[in-house]
Structures are given as structure tokens and as C-alpha cells.
Amino acid sequence: MKVIFMGTPHYGAIVLNKLIESKHQVVAVVCQPDKPVGRKQILTPPETKVIAKEHNIPVYQFNKIRIDGVETLKSIDADIMVTAAYGQILSQEILDITKFGVYNVHASVLPKYRGSSPIQWSLINGEKEIGVTILKTLAGLDNGPILLTESMPISDDDTVESLMQKLGEIGAELMVKALDMLENGKYELKEQNEDEMTYFPMLKKEKSNIDFSKTSREVFNFVRGMAEWPVAVTNVCGNVLKVYSATPVSYLAEREYEAGEVVCATSKLGLIVKCGEGYVRLNDIQPQSSKRMKDTDFLNGKKIPVGTKLLDVEFN
RNA sequence: CGCGGGGUGGAGCAGCUGGCAGCUCGUUGGGCUCAUAACCCAAAGGUCACGAGGUUCGAAUCCCGUCCCCGCAA
């Protein structure tokens, strides 16, 4: 089949690579415009664009696809459109352009975890399983009928990054399979059960404060779910501390501590904080105006008194 | 010229109202302990980002220029 691929970041790139390897033909790649990255604001092309160029596939980058993309897409001779983390909402007009319409790879077992950050939310909520769904895109949000689903367990070692990689690979295979099925006409679309639907919004920086009144396990999950972006934060003596990793630890405290109080801060043991239940060690952190480092390194240069209360960071 | 922080032994930092380069950790060697997230002793390791720059009797510290790193904002 002739496929128009729409996707932007790494997760999409995994799928794109697989499609290119398959017997199907990727006739065009659509991705978000190049974005200025970093302090230097260097224009950086999305990963999918780079791959497309390597394979001499035409690339299209629309500012607003529903407005400036329609005519172009219509002019491309394709059977189907495939989306994988594209980053823009498609209009009904676009959904109708190709014979088979649009199919999407979503990183959850729908109808659970609709929304843009299923991997992150699955981690934050402490799910034991996650998966990939191939669905037909309708006008609504991740609500189309399901073609294929595959689930996999989440382990304590998993991070947003590792899951993205694994799910990207699973999703890539499923998508190729889906294209085969569609081409052969042997497939069945199953409507989603709206009663079982759950939806989670985009993550926000304003909601990145760690709530230490939760259990150490919940803090651990929150931190790893946020680790890629926007990164969990807490306020240490007036300074923002980004936390990339917090692991539950057992600790013998000399006295009772409140949730959010520093229980131990030595360069041997690390930075240990009391939670609503149990303790966590903030072992991979980034102090304000500084680089990412281990807690033990941080404590070599900075002394934090035991009993210091970690507060919320205020965002303006 | 978006705003701000910073470049000091392997790591993280202090020193910056000029005057012998310091702290915590790591490393190496030795000691103690049934044992340790423990402790004791000793050692190695730095042209203080760069500039045959400026000021000075003297600069890590003050001035000038350059480069690099980081946070915020996007």
C-alpha cells in the first residue's frame, strides 16, 4: 500500500523505519516544522524528517495541517495515512482523503489512557501493564474503532524512555501487520467500550511538584513518569531541585519525621526524604543553575540539614 | 543583543572587600572491627576555562576580550 506517514519524535521514527523496511511504500512523510532547540535556538529537524531524507522520501511540514495541508495531501497518490505521535489534530476533511482513512499507533490499551501522554500516566499511576493499540482515527480523541492491540508488563526498571522504545517497536510491527490486514481485506474493527474509557491530559510543568505525603512507591512512580518532561521538582531551601529518579529505600530513622522532611543528607548515603509512607532517596537530581548529578555528588558540595522540609516550587 | 547562574586536583563545592589553594567525597597505601551506610592514620593528585591582555610589589580574587557549560523563557 502507498502510505503517507505522519509522525515527529523518536517514537514515530521507530514506526517509520519499520514501515520503510516493509513491503509497503511510504510515499510521503509529514512532520512538525523544524523547531528551535536550546538556548542557541538552533533549528532542529524532527527525527522522522532526517530518516525520510535518508530514504529520499518527500517531507512535508505544515504549520497547521488542517489549513495549509489539505490541498497538498490530496495531491499525493496514497491509499492510507498512518500517524504516530504527529502532534497535530486532523480535520474530518483530511481523514477522508485516502481510501482507507487514517490509522494511529497509540501507546496504551484503549479505551484506557486516551490522551497525549499514555506512557507517562501509566507509570505515574503505577500500572503493571501497558500496551499498544492500532486504531482508526475518527474526529474525536483516540476514540476510533480498534484494529489490533498488544499489551506488555511494566517493570520497576522501566522508564518513559525504555517504554517508548519498546512500545515503539511493538507498535511498528503491529502497524505493518495492520497494513497487511487492511490490504487483504481480512480484518475487523471493534468499537471501543466508552464505559471503560479513561482520559489523561497533557503533563504540565505547573503540576510537576512532588507530593511527599504520598507513599514512597507513588513518589517513585510519579518521578519516573515525569522524568523525560517536565521533570518532577521540589523546593530545597528556596532553590528548585529537579528530580530525575527517586527510589524507595528502607531507613532506620532516629526519630519521627514529617512527610517531606529530609531524613538523611550525607555524601555516603545520599539524600533521603520521608514520605507519607516509607522513604525515598532522590538519587538523580539537578540543582538550580547546575547540571544533572548524583545526590551524593550534590551533597559533597552542599550541606542540607536533617529535618529540612521540602516545599512546593511556585510557578508564575 | 531575551533574563539569570557558572567554569578552582577524578566528582561536587568554598575561597572573589587582592597576600602560602581549602572543604566534603573518591582514588592509592596502611591500621582497627565478628561485622557495617562505621572509624583511625598516611599519600598521590591544581599552569584556579582561555588571552606572552590590563591594573598591582603581588591576581583564583579587580578591569578588558574570547570560548564553553547550565537554569528559566521559547
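Within every chain, numbering begins at 1; the chains are lettered A, B, ... in the order of the sequence lines, protein sequences first and strands thereafter.
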> Taking a pair as Watson-Crick or G-U wobble with both distances under 3.5 Å, which nucleotide is matched to B:C39?
Replying inline: B:G31
>> Nearest heavy atom decides the nucleotide; on that basis, is A:Tyr251 or A:Lys205 closer to the 5' end of RNA chain B?
In response: A:Tyr251
> Would one find more than 12 heavy atoms of other residues, nucleotides or ligands at under 6.0 Å from atom NZ of A:Lys136?
Replying inline: yes
> A:Val263: which other cluster members, linking ILVMFWY side chains closer than 4.5 Å, directly or transitively?
Replying inline: A:Val249, A:Tyr251, A:Tyr257, A:Leu269, A:Ile272, A:Tyr279, A:Val306
>> Would you measure the distance from the C1' atom in B:U27 across to the matching atom in B:G15 and give it in whole Å?
In response: 25 Å
>> Check this one for me: any side-chain N or O of A:Gln286 less than 4.0 Å away from OP1 or OP2 of B:G71?
In response: yes
> What does B:C72 pair with, Watson-Crick or G-U, if both distances are under 3.5 Å?
Replying inline: B:G2
> B:C25 P sits how many Å from A:Leu271 CG, rounded?
Replying inline: 16 Å
>> Any non-hydrogen side-chain atom of A:Leu163 less than 4.5 Å from a side-chain atom of A:Met152?
In response: yes
>> Whole angstroms only, please: what is the CD-P distance between A:Gln288 and B:C13?
In response: 13 Å
> On RNA chain B, nearest-nucleotide positions of A:Arg292 versus A:Lys303: which is more 5'?
Replying inline: A:Lys303
Pairs under 3.5 Å (N/O, protein and nucleotides 9-12 of chain B):
| residue | atom | partner | partner atom | Å |
| --- | --- | --- | --- | --- |
| B:A11 | O2' | A:Asp297 | OD1 | 3.3 |
| B:A11 | O2' | A:Asp297 | OD2 | 3.1 |
| B:G12 | O2' | A:Asp297 | O | 2.9 |
| B:G12 | N2 | A:Asn300 | O | 2.6 |

> When rounded to the nearest Å, what value does the distance between C1' atoms of B:A37 and B:G51 take?
Replying inline: 47 Å
> Is there a Watson-Crick or G-U wobble partner for B:C13 with both distances under 3.5 Å, and which nucleotide is it?
Replying inline: B:G22
> Which whole number of Å gives the distance between the P atom of B:G18 and that of B:A44?
Replying inline: 32 Å
>> Regarding A:Lys35, tell me which of base, sugar-phosphate or nothing describes its non-hydrogen contacts under 4.0 Å with the strands shown.
In response: nothing
> A:His106 and A:Ser108: side-chain donor and acceptor closer than 3.5 Å?
Replying inline: yes
>> Work out how far the C1' atom of B:U56 is from that of B:C62, and round it to whole angstrom.
In response: 10 Å
>> Quick check with a 6.0 Å cut-off and a 45 degree axis cone: is A:Arg292 positioned over the face of A:Tyr244's six-membered ring?
In response: yes
>> Roughly how many Å apart are B:G5 and B:G10, using the C1' atom of each and rounding to a whole number?
In response: 24 Å
>> Between B:C40 and B:C50, how far apart are the two P atoms, rounded to whole Å?
In response: 36 Å
> Can a donor-acceptor pair be found between the side chains of A:Gln165 and A:Glu161 at a distance below 3.5 Å?
Replying inline: no
>> In whole Å, measure the gap between the C1' atoms of B:A74 and B:C3 for me.
In response: 12 Å
>> From CG of A:Asp295 over to C1' of B:U24, roughly how many Å is that when rounded to an integer?
In response: 14 Å
> Is A:Lys49 paired with A:Glu54 through a side-chain N to carboxylate O contact shorter than 4.0 Å?
Replying inline: no
> What's the CD1-C1' distance between A:Ile285 and B:C13, to the nearest Å?
Replying inline: 13 Å
> Whole Å only: how far is the CD1 atom of A:Ile304 from the C1' atom of B:C13?
Replying inline: 13 Å
> Does the side chain of A:Asn300 come under 3.5 Å of the side chain of A:Ser267 through a donor N or O and an acceptor N or O?
Replying inline: yes
> Quantified in whole Å, what is the C1' atom distance between nucleotide B:C63 and nucleotide B:U55?
Replying inline: 7 Å
> Atom CZ of A:Arg281 and atom C1' of B:A37: how far apart are they, to the nearest Å?
Replying inline: 10 Å
>> Tell me whether the side-chain N/O atoms of A:Lys268 come closer than 4.0 Å to OP1 or OP2 in B:G26.
In response: yes
